[in-house]
Novice: 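I have a structure here, written as structure tokens, and I will follow up with some questions on it.
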Amino acid sequence: MTLPNYQYPNPKSYNNNNNFDQHYVWGWNEGRQLGIGRYQNGMEIVKEPYSLGGSHSFDTKSISIGMAHSLAIDSRGQIYSCGKTAYGRTGLGDNLSQHQQNIKEFTQIKLNKDNDNDDDDDDDNNNKNYNINNSYSYSNSNNNNNKINNKINNSINNYIKVNKISCGSAHSAFITENFQLFTFGKNDQGQLGQGLINELHSPKRVIYIQYSFDPNETDQSKAITEKSTNYYDNVDLVACGLNHTVFSLKDGCVYSMGSNKFSQLGYQSTVNDKVSPIVQTDGIVQPPPLLEHRPRLIESLNLPPQHLEQRFTNIKSISCGSNFTACIKQGNLYTWGTNNLGQCGFNPKENDGIITTTSSSSSSSSSSNTTNNNDNNNNNIIINKPKLLIIYGDKSTLSTDSNNGNGKRVFNFTQVSCGVDHCLALTNNGQVFGWGDNKYGQIGQLTFSSVIKIDTTTPIRIGESLTNEFITQISSGAYHSMALTKSSIIYAWGLNDKCQIGEIGKNQQEIIQTPCRVRFTNSKENSAPILQIAAGGRSSMAIKYSPSKVDIRPSSYFDDILRILENKSFQDFNLNITDNEGKIKEMFKLNKIFWNRSLVLQSLKSKELNSTSSTNVAIEKSEFIKTFNDYSIKEIIQDLYIDAPSNQSFITTSISEYLFSMINQSSFSDVKIKVICRDDQDSKEMVKIFNAHKCILVNRSEKFKTLLESNYFKESIDSVITIDDSPSFQVYETFLTYLYTDVLNLNNENVIDLFLLSHRESQNRMKDLIEEYLFNSLDIDNVSNIFELALQLNDTDISIDSKGINNFLIGQCIFFIAKNLEQVSKTESFINLSDDSKIILSSNSINLNNSKSNKSLNNNNNNTNTNDDNDLNNGNGKKCIIC
């Protein structure tokens, strides 16, 4: 019931039409969780994938399903919900929850930055730094003086955009583009992380404490401390279970909240885990909440980053089952919580000291449909903290040389997904493993065989139809499972009582014990590939790639990084391969920053390289061969500069992840970037120095290449680059992050400043990404301002040809204005358009003669226009009718 953390390609070859079948649903619809709409009230079971093409007008980009409700995100970052409204799980407010039992079609959840969390007086008093209007901002105080930019920032910043969603049994969570976490719905166990146990019918921001770690502190109780300075939200992943929630930050810290009866939060609760009583504004004293009602750091899974350390997240996937949790950290799989049925992947009859047995009269599972396989039904087998689950393989199941240090080959995992009492895990070479309850065949193993009894309490590879397929996504429902192949085929297996797998054959089969292909009978022949699959409760969904509207240039990031080696860009040390007598036999030139990427190479020397260490490193050839077996020295060196090295045990992080950790780090830095910002109010100059690396800058930016590779520029001689009048330090750091990682973190607050910066720095792909973002943000209020800014930044003269205007964003603004002219023309920003902008609109046959606001608009311009506008014809382009 969680979403994969993937970045998908941008298809460009599919026809755009209004009848595009993009969002498919099937399975149980009793609570209207499929969002089929008001005209399909009789469809309580949808037997095959049904297109929502006519039910809603937005392009779905992400989906999640709970037991009886669903969430969806559109291309504009708006969030929608449908299904049962009980407990406020749809997030549509008190009125709908009280007067409407089910939401029959996807309905937008209104999110406005002006009123979020304003009703929480307790949080405002105790966490003043977290007020949403005072949160970390890219362009509040240090903005430039361009009034148009401020207007656009204000107009596109009036609502929250959502990036990731997760549905639990009866509660929900989502993450915004500013990395803030919101929750709503059922809260009887504190699963919303708000401190109280009142259910929430509207989304509310989650407040959490961030920490830092001091490795030099001998007292472990004092090694982890709360950050003393103001910090910004950086939530990366979130997963909702039956009655608990787990989320991770972008620095790799993992937090949990909610019920901890089975240690599903990753620690054991104690009688002292209570906080002070909460006094509400009306004077009513609430009972003291448990500590797990607030987000709590799971220290045993990932320590906080060290003081001043910039760490890229090593948490790749999180998923919550009924009373257990699974997480992937740096390719390794960790599980914790209840394990009576092997939900955590360990044999419940084996006890290695971490698995504990506690006596309880309650069932080990929240579901009455599961059975306890233990001899003593009153015993709960619990893993009380994250435990590494290792799955061994051989040459037939592994395509890489991954090993666990003992010479045994192990799998590297990319995604995990939990059902009620079963779990699926996906490896980096496209294989699927499953474990836990298999009563309904959800592990893909035969359950009715009287000859062979298969133990599913430990991981089993799911084969059959998946044997020769490369799987790219997995998803677990309550009692069924789904997998998506590289060739865009969906397989499903498990419980099928509500057709959550689909109608198989002439007779409905309630249990499908092996993976079976899901058929899209009404799908068009040339339809787009599948973007995402989602299983939840007894329902299933899939969305396809929507037609691309923006032609984004392909990324050259990996070629740029490899070019550092090929062009020998600013190489700062030599690797000398010697014989047994110390004589140099081979010499290779390298960059220290990339040598440091491999811990294995570092282990060959007594200490790490640093900026001031020797420029020569000698390694005996026999030692090198012993360490890397059949790999040549040239192969190992090239692996340092590529994203997918041939030896994945030699390098464990991607190139983007590694270079993220080097942003603004003094290690190996050979150039300084002096960024100057000025305060709008008093024009006070502020300066910040960023540490950077020439080899990265010159291969990622033509501007930096010119400055640093020439012997005539001051920047090359002094190794200092001055950036004058930057909008803010945070904006420039975002730009540096893009150069180092190829990841552009856009949000409503920084997008305009980055748009201007992309033009100044001649970053064409960055421009494309921002134009796509702005295109998806166009509305009645901001389209005129965005149109005018796009005209100002257009690199060439505006010209009209048979295909229309020569700039994508300008053309889309013109189309939007023409389509919504009556509403747009009433806005102040449209009325105040410059003469040049009006001429462009006029030359594109935008006529206001039929607009109700034309008369008032002309009156506002009568000081500069003496001719009778009604007599003008915009077709000849001689005069603009809106001047």
Side-chain angles (χ1 to χ4, degrees), residues 312 314 316 330-332 393 395 398-405 407 409-414 427-430 555-578 585-605 607-610 615-663 665 667-668 693-696 698-700 739-743:
F312 195 93
N314 51 16
K316 299 304 178 187
Q330 219 163 9
N332 296 317
K395 290 184 178 180
L398 281 173
S399 61
T400 68
D401 291 330
S402 299
N403 64 77
N404 68 337
R409 299 163 66 85
V410 299
F411 287 93
N412 190 290
F413 291 94
T414 59
T427 70
N428 63 341
N429 54 2
S555 173
S556 62
Y557 176 71
F558 299 120
D559 293 335
D560 294 341
I561 300 302
L562 184 58
R563 193 164 56 244
I564 296 174
L565 176 64
E566 295 172 346
N567 293 349
K568 302 178 180 179
S569 298
F570 296 98
Q571 293 175 333
D572 49 7
F573 90 107
N574 300 320
L575 172 62
N576 299 323
I577 305 300
T578 66
K585 294 299 183 181
E586 293 179 278
M587 186 176 70
F588 300 91
K589 287 187 174 292
L590 292 166
N591 303 85
K592 290 181 181 178
I593 183 177
F594 287 96
W595 172 271
N596 216 53
R597 185 183 173 199
S598 171
L599 296 176
V600 178
L601 282 174
Q602 291 178 26
S603 67
L604 297 179
K605 302 302 297 178
K607 60 181 180 179
E608 294 184 15
L609 288 172
N610 56 59
T615 58
N616 292 282
V617 172
I619 298 179
E620 192 175 308
K621 188 171 184 177
S622 59
E623 185 180 5
F624 203 100
I625 294 175
K626 180 181 178 181
T627 303
F628 297 106
N629 299 321
D630 298 330
Y631 290 93
S632 69
I633 298 173
K634 288 185 177 180
E635 287 177 322
I636 295 299
I637 292 174
Q638 181 168 300
D639 278 353
L640 294 171
Y641 294 81
I642 63 178
D643 189 59
S646 55
N647 188 340
Q648 294 189 6
S649 62
F650 159 59
I651 296 175
T652 58
T653 59
S654 70
I655 192 70
S656 179
E657 292 171 348
Y658 171 70
L659 290 181
F660 176 86
S661 67
M662 303 306 296
I663 298 171
Q665 297 298 306
S667 300
F668 319 117
H693 308 81
K694 292 180 180 179
C695 63
I696 304 292
V698 300
N699 285 281
R700 290 286 289 154
L739 295 183
Y740 274 68
T741 67
D742 206 38
V743 175

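In this text the structure is predicted, and so the values were computed from the model without any measurement.
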Novice: Are the side chain of Asp643 and the backbone of Ile655 linked by a donor-acceptor contact shorter than 3.5 Å?
Specialist: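 Here the side-chain-to-backbone pair exists.
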Novice: Under the rule for side chain to side chain contact (heavy atoms under 4.5 Å, CB included), what residues qualify as partners of Phe588, not counting sequence neighbours?
Specialist: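 For Phe588, the residues satisfying side chain to side chain contact (heavy atoms under 4.5 Å, CB included) (neighbours in sequence not counted) are Leu575, Ile577, Glu586, Ile633, Lys634, Ile637.
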Novice: Restricting to side chain to side chain donor-acceptor pair (under 3.5 Å), what partner residues turn up for Asn591, sequence neighbours left out?
Specialist: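 Asn591 satisfies side chain to side chain donor-acceptor pair (under 3.5 Å) with Tyr641 once adjacent residues are dropped.
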Novice: Measure the shortest side-chain to side-chain distance between Val743 and Ser656 over non-hydrogen atoms and say whether it is less than 4.5 angstrom.
Specialist: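 With C-beta onward as the side chain, the pair touches.
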Novice: Quick check: does any side chain N or O of Asn596 sit under 3.5 Å from a backbone N or O of Lys592, one acting as donor and the other as acceptor?
Specialist: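 Side chain of Asn596 to backbone of Lys592, a donor-acceptor pair under 3.5 Å: no, none is there.
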Novice: Should Leu590 and Phe573 count as side-chain neighbours, where that means a heavy-atom distance under 4.5 Å?
Specialist: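 Yes. Closest side-chain heavy atoms under 4.5 Å.
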Novice: Provide the closest heavy-atom pair for Ile561 versus Leu659 in the form atom of the first, atom of the second, distance.
Specialist: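 Looking at all heavy atoms of both residues, the closest pair is CD1-CD1, 3.8 Å.
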Novice: Going by the rule side chain to side chain contact (heavy atoms under 4.5 Å, CB included), which residues pair with Asp742 if we only count those two or more places apart in sequence or in a different chain?
Specialist: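 Testing Asp742 for side chain to side chain contact (heavy atoms under 4.5 Å, CB included), a comparison that skips the adjacent residues, returns Ser555, Tyr557, Arg700, Tyr738, Arg765.
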Novice: May I have the step-by-step check of side-chain contact (heavy atoms from CB on, under 4.5 Å) for Asn314 and Glu657, ending in yes or no?
Specialist: CA-CA 9 Å; Asn314 51 16; Glu657 292 171 348; over 6 Å; no
Novice: Considering residues at least two apart in sequence or located in another chain, which fulfil the side chain to side chain contact (heavy atoms under 4.5 Å, CB included) criterion with Lys589?
Specialist: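 Scan of Lys589 (side chain to side chain contact (heavy atoms under 4.5 Å, CB included), adjacent residues dropped) gives Gln571, Asn574.
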Novice: Would you say the side chain of Ile564 lies within less than 4.5 Å of the side chain of Phe570, judging by non-hydrogen atoms?
Specialist: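 Of all side-chain heavy-atom pairs linking Ile564 with Phe570, none is under 4.5 Å.
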Novice: Not counting sequence neighbours, which residues clear ring-ring contact (aromatic ring centres under 6.0 Å, His included) with Tyr740? List them please.
Specialist: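 Expected list: His693.
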Novice: With a 3.5 Å cut-off and no angle check, do the side chains of Thr427 and Asn429 form a donor-acceptor pair?
Specialist: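 Result is yes, a qualifying pair exists.
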Novice: Using the side chain to side chain contact (heavy atoms under 4.5 Å, CB included) criterion, which residues pair with Thr578? Sequence neighbours excluded.
Specialist: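 Per chain and number, Thr578 pairs via side chain to side chain contact (heavy atoms under 4.5 Å, CB included) with Ile584, Ala618, Glu620.
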Novice: Taking atom CG of Asp639 and atom CG of Leu565, what is their separation to the nearest 0.5 Å?
Specialist: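 Asp639 atom CG to Leu565 atom CG measures 11.0 Å (nearest 0.5 Å).
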Novice: Looking at Phe594, is its backbone amide N or carbonyl O close enough to the side chain of Tyr658 to form a donor-acceptor pair, meaning the two atoms are under 3.5 Å apart?
Specialist: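 Not a single qualifying donor-acceptor pair exists.
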Novice: To the nearest 0.5 angstrom, please state how far the SG atom of Cys695 sits from the NZ atom of Lys568.
Specialist: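 It is 15.5 Å, given to the nearest 0.5 Å.
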Novice: Could you tell me the separation between the OG1 atom of Thr741 and the CD1 atom of Ile663, rounded to the nearest 0.5 Å?
Specialist: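 So the gap between those two atoms works out to 5.5 Å.
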Novice: Could you walk me through whether Ser569 and Arg563 pass side-chain contact (heavy atoms from CB on, under 4.5 Å), step by step?
Specialist: CA-CA 8 Å; Ser569 298; Arg563 193 164 56 244; 5.9 Å; no
Novice: Can you check whether Asp559's main-chain N or O pairs, donor with acceptor, with Ser556's side chain at less than 3.5 Å?
Specialist: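 No, because the side chain of Ser556 does not come within donor-acceptor range (under 3.5 Å) of the backbone of Asp559.
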